[in-house]
Amino acid sequence: MTPSFIRGRPRSATPHPSVRVADALLGATAGVVWLVLPAMTTGTDVPVAIKDQGPVAVAPAPDDGDDGASTADLVLPLIAVGTAGVLAGYGYLRRTRRARTRTTPGGAAAGPAGPPPAALDERTRVALVEADDWVRTGREELSYAEALHGTAAVAPWARALREAGTELSAAFRIRQRYDDGVPGDPTARRHALAGIAGRCEEAGRRLDTEAAGFDRLRGLELDVGAALEVVEARFRELTARTAAARATLAGLERRYARSATAPVTGYVEQATDRLVFATARLNLAHQAADGTDHARAAGQLRTAEGAVAQADVLVTGVERLAAELSAATELVPAALTGAEALLAGERRRSAAAGEARVRLRYADGVLATVREELTGGPYDPLGVLRRIVRAVGPSAAAQGGVLSVAALSVARSTTAAAEDVVGTHRGAVGAEARTRLAEAQRLLGTDPPDPEAADALARQARDLAEQDIRRYGRPDAGAAGDPSGTAGAVLGGVLLGGGPDGGPPPSFGGPRTRARRGT
């Protein structure tokens, strides 16, 4: 029968290397003691037989020197050295093993290495997109609740959204620095990714904490009647504004160069698509409410609200661009004069040699071309302002006055246009475009703002978003091939996808909200 202490350990188990080394050292020490111990107890004289007859005379030992004492003196140090060696080796092995299981001296045992950098990077991209969608959806739904219950009644949820937005902004800022190569150390970069994920999780947690209370405020699962009245009023208003936006855009296309209206190309068609979709969902909401299926009525209502909110963004984009182009047209002559005066001042203050001379000649050429465009036919006022500001250089915005106004006007227009694209196509737009947009918005909000950098980032954001939309496959889904508008609603994030009807709608809350609604 195998003893219990043997059964407790697999027969094939191999002792730890430190145990094997310690055993070897102890064995070596024991061997040394066994070899030299007889020398401590045995003399070097010839053995003499003991007889009983008579007393035995004891002769003095021959004077051989100190051999016996030398042997004894040698053995004791050998034993001491061997023992010390065993203890030192055992201590060294223990320290080595302890160091391998700690992250820092005195720290806790190191955990698993974690996922590879590429997997962690992708995880944070997904987290950023999800958190951004939670905040955007929350703001849309909050606007409907505010219209029905008033600003004071929704204050707790407005505060939760601001706090979640602050966490999300911090996550985007870390991501932008990460994409710029900061920090450079691999370990620090892993920590940065972990920080992004943590910020996104906190944003979702904050919204989830308030989601149940927000549902009670809205009370859609009990009665959608009052909420239906709010969204239908917005729907009727937007129907009229969409028709007016179509006429406005046609006028802009006749008055300005094609590049001037490019940012809103297709917006009227997409707005119409969202309104067609909203019409169908409002009818379904009425039918479900009449049949006392309150849960289904609430879902259809939320879907219609999301579609109407996005139609509002698209129509507002056309209206805003018309106002921006008009203001830019009035600003161009003053900006052109201001740029020429600034360049003349630089010429007087310097010898204008070398690189300075080349830059001034280039700027003069740009301004001359702009003057020709102003008299040659339709042009793009915002594009002209951008070229004037860039020709003058980074000092334009810092000078204040008309050039600073021009730089800010261009950056705000570009950033708002990028925001429209991301917000109305968030079912397809990824983390990189959203990160560049968030950084552009941040730079416009700093004191002082950095309009030139913001403009460049916003243009990148829009380009990246449009690439994502093209990869998704239906940039203007619904306008022709999908009369129900469902494909466009999925593309816009009005529906979450995953079902033949486009899936469920999102609602106020974080990651737990979707599970709580059974979606």
Side-chain angles (χ1 to χ4, degrees), residues 130 132-148 207 211 214-215 217-239 242 270-315 423-428 472 474 476-479 482-510 513-519:
E130 290 179 343
D132 193 37
D133 284 349
W134 299 331
V135 172
R136 290 176 181 276
T137 298
R139 288 171 180 162
E140 288 176 358
E141 194 170 356
L142 185 73
S143 70
Y144 288 102
E146 185 176 2
L148 186 60
L207 294 176
F214 187 76
D215 286 348
L217 173 72
R218 299 211 69 191
L220 299 182
E221 278 72 17
L222 299 176
D223 183 13
V224 298
L228 272 171
E229 292 179 3
V230 171
V231 69
E232 286 175 339
R234 290 191 179 182
F235 174 88
R236 289 190 294 270
E237 176 196 359
L238 271 169
T239 300
T242 302
Q270 293 178 55
T272 302
D273 177 56
R274 298 293 193 276
L275 292 176
V276 168
F277 175 79
T279 300
R281 295 305 173 122
L282 287 171
N283 289 334
L284 291 173
H286 276 291
Q287 293 172 13
D290 293 342
T292 67
D293 188 349
H294 298 299
R296 186 167 183 269
Q300 298 297 340
L301 174 69
R302 284 194 177 92
T303 304
E305 288 177 341
V308 170
Q310 291 198 5
D312 193 355
V313 171
L314 294 163
V315 171
T424 57
H425 298 80
R426 58 180 179 261
Y472 187 85
R474 297 289 300 277
D476 295 313
D482 179 23
S484 71
T486 300
V490 175
L491 175 65
V494 174
L495 295 174
L496 295 174
D501 61 347
S507 59
F508 187 101
T513 297
R514 190 169 184 177
R516 179 165 55 85
R517 296 196 185 285
T519 58

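We're numbering straight along the sequence, starting at 1.
Between Glu146 and Arg218 there is no salt bridge, since no side-chain N of the basic residue sits under 4.0 Å from a carboxylate O of the acidic one. Taking a cutoff of 4.0 Å between a charged side-chain nitrogen and a carboxylate oxygen, Arg136 and Glu130 do not qualify as a salt bridge. Ion pairing between a basic and an acidic side chain is recognised when a charged N comes within 4.0 Å of a carboxylate O; Asp133 and Arg139 show no such pairing.
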side-chain contact (heavy atoms from CB on, under 4.5 Å) between Thr137 and Arg426, worked out: CA-CA 10 Å; Thr137 298; Arg426 58 180 179 261; 3.8 Å; yes

Verdict with supporting geometry, Glu221 and Arg302, salt bridge (charged side-chain N to carboxylate O under 4.0 Å, His left out): CA-CA 11 Å; Glu221 278 72 17; Arg302 284 194 177 92; 3.4 Å; yes

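Here the straight-line distance linking atom CD of Glu229 with atom CG of Leu148 works out to 8.5 Å at 0.5 Å rounding. Rounded to the nearest 0.5 angstrom, Asp273 CG and Thr424 OG1 are separated by 11.0 Å. Within the model, atoms CG of Leu207 and CZ of Phe214 stand 10.5 Å from one another, a figure rounded to the nearest 0.5 Å. Put simply, OG1 on Thr242 and CG on Leu314 are 8.5 Å apart, with the number rounded to the nearest 0.5 Å. One finds the CZ atom of Arg274 at 12.5 Å from the CG atom of Asp312 (value rounded to the nearest 0.5 Å). In this structure, CG in Asp293 is found 11.0 Å from CG in Leu284, a value given to the nearest 0.5 Å.
Not one N or O on the side chain of Gln310 forms a donor-acceptor pair closer than 3.5 Å with the backbone of Ala271. Using a distance-only test at 3.5 Å, with no hydrogens or angles considered, a donor-acceptor pair links the side chain of Ser143 to the main chain of Glu140. Side-chain atoms of Arg234 never come within 3.5 Å of backbone atoms of Glu305 as a donor-acceptor pair (strictly under, hydrogens ignored). Looking at Asn283, its side chain does come within 3.5 Å of a backbone N or O of Thr279 through a donor-acceptor pair. Counting only distance, with no hydrogens or angles, the side chain of Glu141 and the backbone of Phe508 share a donor-acceptor pair below 3.5 Å. Not one N or O on the side chain of Arg281 forms a donor-acceptor pair closer than 3.5 Å with the backbone of Ala278.
Taking the side chain as every heavy atom from C-beta outward, Phe277 and Thr272 never approach each other to under 4.5 Å. By the 4.5 Å heavy-atom criterion applied to side chains, Ser507 and Thr513 are counted as neighbours.
When all heavy atoms are compared, the tightest approach of Gly497 to Val490 is CA-CG1, 4.4 Å. For the pair Ala145 and Leu217, the tightest heavy-atom approach, listed with the atom from each and the gap, is CB-CD2, 4.5 Å. What you find for Leu301 and Ala227 is that their closest heavy atoms are CD2-CB, 3.4 Å. When all heavy atoms of Leu495 and Gly503 are compared, the pair lying nearest together is CD2-O, 3.3 Å. Leu238 and Val308 make their closest contact through CD1-O, 3.2 Å (heavy atoms, listed as atom of the first residue, atom of the second, distance). The shortest non-hydrogen separation linking Ala211 to Gly509 is CB-CA, 4.1 Å.
With sequence neighbours excluded, the residues that form a side-chain hydrogen bond (donor to acceptor under 3.5 Å, both in side chains) with Glu232 are His286.
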